[in-house]
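Input: a single structure, listed below in structure tokens.
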Amino acid sequence: MSDDKLPIRTENFPEWYNQVILRTEMADYAPVRGCMVVRPYGWALWENIQQALDRRFKATGHVNAAFPLFIPMSFLEKEKEHVEGFSPELAIVTIGGGQKLEEPLVVRPTSETIIGYMYSKWIQSHRDLPVLINQWGNVVRWELRTRLFLRTLEFYWQEGHTAHATAKEAEEETLRMLDTYADFAINDAAVPVVPGRKSNAEKFAGAVRSYTIEAMMGDTKALQAGTSHFLGQNFAKAFDIKFSDWNNELQYVWTTSWGLSTRFVGAIIMTHGDDQGLVLPPKLAPIQVVIVPIYKSDEDKSRVMPVVEAITKELVDFRVKVDAREEVTPGFKFNDWEMRGVPLRIEIGPKDVDKGTVVFARRDMLGRAGKSFVSMDQLAAQVAEMLKTIQASLFDRALAFRQANTFDPQNYDDLMQITEKGWALSWWCGDAACEAKVKEDTKASTRCIPLEQPGGAGKCIVCGKPATEKVFFAKAY
RNA sequence: CGGGGUGUAGCGCAGUUCGGUAGCGCACCGCGUUUGGGACGCGGGGGUCGCCGGUUCGAGUCCGGCCGCCCCGACCA
């Protein structure tokens with residue numbers, strides 16, 4: 001339950017973030033360090049994210065399956081970069097049923113290895129390809145510094161794992177799924193993202209190329225909101241995934257993997273939230289419309305409640321909540337649901353019943369500015385229209401914010417200044433040394449080389465050598 | 001793993017200096033009045049004071065040890 005005000009977002013962003021999550025009952029700290037409990041309101045948001053993604057996966061021919069939580073330690077060791085990347089953050093089971101295990105079992109940090117092993121059994125011929133499997137599940141990475149939703153020891157996600165006959169096909173799949181993530185982020189979450197390629201230093205352990213969608217949070221820091229990897233034949237060779245091609249010659253398959261996690265809940269919170277609390281995009285909000293009935297006397301109540309009921313029936317196609325609590329005042333409810341980010345509030349009192357109207361109050365425009373009197377005629381259509389408007393305004397606002405905080409540095413000093421206050425889009429020669437120097441000097445890393453490039457050529461912002469691509473430098477979560 | 005902070009009712013804290021049997025606000029329960037932007041009155045319930053040990057007639061308070069959690073730095077969806 002809400003009592004007093006939240007921390008001011010611009011004054012103490014991390015504290016604001018924590019308080020919003022705890023107070024809106026999205027999640028809570030678990031008794032184990034670095035672990036969280038996703039509470040029903042947070043999980044409902046995640047379920048809507050899952051549905052939005054899952055229907056896109058199905059539409060592109062993918063099917064769901066479930067692979068085990070435990071992976072033999074030796075599996076991870078088969079791919080050199082993979083084990084090097086993940087070994088510092090593995091949880092390892094050494095005892096089972098009171099007996100010391102002959103081979104330790106890793107609690108999966110990701111499932112490329114065990115899925116690769118299974119694919120080697122299942123794939124014989126080019127006729128078995130492509131294999132397009134997705135898994136919804138949880139994974140464990142023993143992180144040192146944790147934050148609710150953004151980085152916890154255990155998190156929930158989906159991981160897609162596909163196998164293809166040709167490199168071209170696999171690369172297409174990698175980009176198709178990156179595009180799927182971008183489409184979801186932009187159109188359902190109203191989170192503007194930059195699709196791009198990761199530098200070698202930032203790529204997934206074991207991938208040939210990694211792609212990402214990067215989003216700017218309300219404090220201008222960057223968040224990797226989803227990733228898609230072209231794994232080449234690295235895992236095919238490690239797990240001997242071979243098929244007979246059209247000429248009856250044995251070939252290694254080409255694989256991809258792509259994932260999006262509960263971290264995205266954090267992305268939504270930090271993209272749209274304001275001092276009043278959460279602001280949820282209508283398409284994903286667990287509650288799209290909250291109805292607050294207003295009355296003083298029993299007589300008023302008996303006039304208002306039937307109208308509330310009738311309206312609720314009319315709005316069956318939306319996720320509607322009627323807040324009929326008697327023990328708190330309407331004013332309290334307004335603040336409470338605003339904190340919880342419900343996109344649209346409908347107030348109905350005796351005066352409205354008399355006039356045949358209701359009050360719409362938009363979450364994205366607080367106070368008087370966001371209130372309007374609306375006729376009860378065609379209410380469902382008006383609600384649909386309003387939710388659409390709010391959805392669009394959230395995206396526009398977030399995009400404008402990102403544009404206002406993205407800069408084109410003219411020299412290295414300029415770059416150092418910019419990384420203190422936003423994103424820098426600069427020419428980069430591609431040399432890891434230049435990248436490392438920036439990180440050393442500014443704590444900003446390369447976020448991605450956007451797929452959309454200005455073209456032409458320039459000089460590397462760090463060393464001045466010729467460069468053909470621009471990269472985003474920014475501090476990141 | 002290093003630095004900082006903290007642990008007393010569900011939450012936020014006071015009490016620890018100087019030992020004497022635990023308190024405040026919010027939340028919770030009951031009744032009544034309230035209700036168009038965070039209501040109020042009256043009455044009530046709830047605590048092995050993080051854990052273990054020591055000193056003492058007596059420990060939330062003093063001494064020793066341990067642990068948890070949060071925040072800040074090196075790795076990461």
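The analysis underlying the following values was restricted to heavy atoms, covering all of them including side chains, and did not include hydrogens, waters or symmetry mates. The chains referred to below are lettered A, B, ... by the order of the sequence lines, with proteins before strands, and numbering in each begins at 1.
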- Query: Going by the angle between their ring planes, with limits at 30° and 60°, are A/Phe13 and A/Trp16 parallel, tilted or perpendicular?
  - Reply: tilted
So what does [X] hit on the nucleic acid, given a heavy-atom distance under 4.0 Å: a base, only sugar-phosphate, or nothing?
X	value
A/Thr152	base
A/Leu223	nothing
A/Val139	nothing

Could you go through residues 32-41 of chain A and list every donor-acceptor pair under 3.5 Å that involves a side-chain atom there, pairing it with any protein atom two or more places apart or in another chain?
{"residue": "A/Arg33", "atom": "NH1", "partner": "A/Leu144", "partner atom": "O", "Å": "3.2"}
{"residue": "A/Arg33", "atom": "NH2", "partner": "A/Glu143", "partner atom": "O", "Å": "3.3"}
{"residue": "A/Tyr41", "atom": "OH", "partner": "A/Arg340", "partner atom": "O", "Å": "2.6"}

- Item | Partner set under side chain to side chain donor-acceptor pair (under 3.5 Å) for A/Tyr412, not counting sequence neighbours | A/Asp441
- Which residues share a salt bridge (charged side-chain N to carboxylate O under 4.0 Å, His left out) with A/Arg397, sequence neighbours left out: none
- Both distances under 3.5 Å, Watson-Crick or G-U wobble: report the partner of B/G53, or none. B/C63
- Query: Applying side chain to side chain donor-acceptor pair (under 3.5 Å), which residue pairs with at least one partner in residues 348-361 of chain A are found, sequence neighbours left out?
  - Reply: A/Arg303-A/Asp354, A/Asp352-A/Thr357
Which of [range] sit near RNA chain B, with a heavy atom under 4.0 Å from it?
range	value
residues 287-306 of chain A	A/Ile294, A/Tyr295, A/Lys296
residues 197-220 of chain A	none
residues 344-355 of chain A	A/Arg345, A/Glu347, A/Gly349, A/Pro350, A/Lys351, A/Asp352

- Message: Counting only side-chain nitrogens and oxygens, does A/Thr227 get under 4.0 Å of the OP1 or OP2 atom of B/A77?
- Response: no
Between protein and nucleotides 69-75 of chain B, what N or O pairs are separated by less than 3.5 Å?
{"residue": "B/C69", "atom": "OP1", "partner": "A/Arg33", "partner atom": "N", "Å": "2.6"}
{"residue": "B/C72", "atom": "OP2", "partner": "A/Arg145", "partner atom": "NH2", "Å": "2.2"}
{"residue": "B/G73", "atom": "OP2", "partner": "A/Arg145", "partner atom": "NH1", "Å": "3.2"}

- Message: Is it the case that the base of B/G36 and the side chain of A/Lys333 share a donor-acceptor contact (distance under 3.5 Å, atom types as modelled)?
- Response: no
Taking distance alone, no hydrogens or angles, what donor-acceptor pairs closer than 3.5 Å link side-chain atoms of residues 198-208 of chain A to residues at least two apart or in another chain?
{"residue": "A/Lys198", "atom": "NZ", "partner": "A/Glu214", "partner atom": "OE2", "Å": "2.9"}
{"residue": "A/Lys198", "atom": "NZ", "partner": "A/Gln224", "partner atom": "OE1", "Å": "3.0"}
{"residue": "A/Lys198", "atom": "NZ", "partner": "A/Arg447", "partner atom": "O", "Å": "2.9"}
{"residue": "A/Ser199", "atom": "OG", "partner": "A/Ala201", "partner atom": "N", "Å": "3.4"}
{"residue": "A/Ser199", "atom": "OG", "partner": "A/Glu202", "partner atom": "N", "Å": "3.3"}
{"residue": "A/Ser199", "atom": "OG", "partner": "A/Glu435", "partner atom": "OE2", "Å": "2.4"}
{"residue": "A/Ser199", "atom": "OG", "partner": "A/Thr446", "partner atom": "OG1", "Å": "3.3"}
{"residue": "A/Lys203", "atom": "NZ", "partner": "A/Glu81", "partner atom": "OE1", "Å": "3.1"}
{"residue": "A/Lys203", "atom": "NZ", "partner": "A/Ala207", "partner atom": "O", "Å": "2.8"}

- Task: Under the ring pair (Phe, Tyr, Trp, His ring centres under 6.0 Å) rule, collect the residues that match up with A/Phe57, sequence neighbours excluded.
- Result: A/Trp258
- Item | Contact list for residues 354-375 of chain A, test ring-ring contact (aromatic ring centres under 6.0 Å, His included), sequence neighbours left out | none
- Starting at the 5' end of nucleotides 4-11 of chain B, put B wherever the base has a protein heavy atom under 4.0 Å, S where only the sugar-phosphate does, and a dash everywhere else. --------
- Message: Work out how far the C1' atom of B/G25 is from that of B/G15, and round it to whole angstrom.
- Response: 15 Å
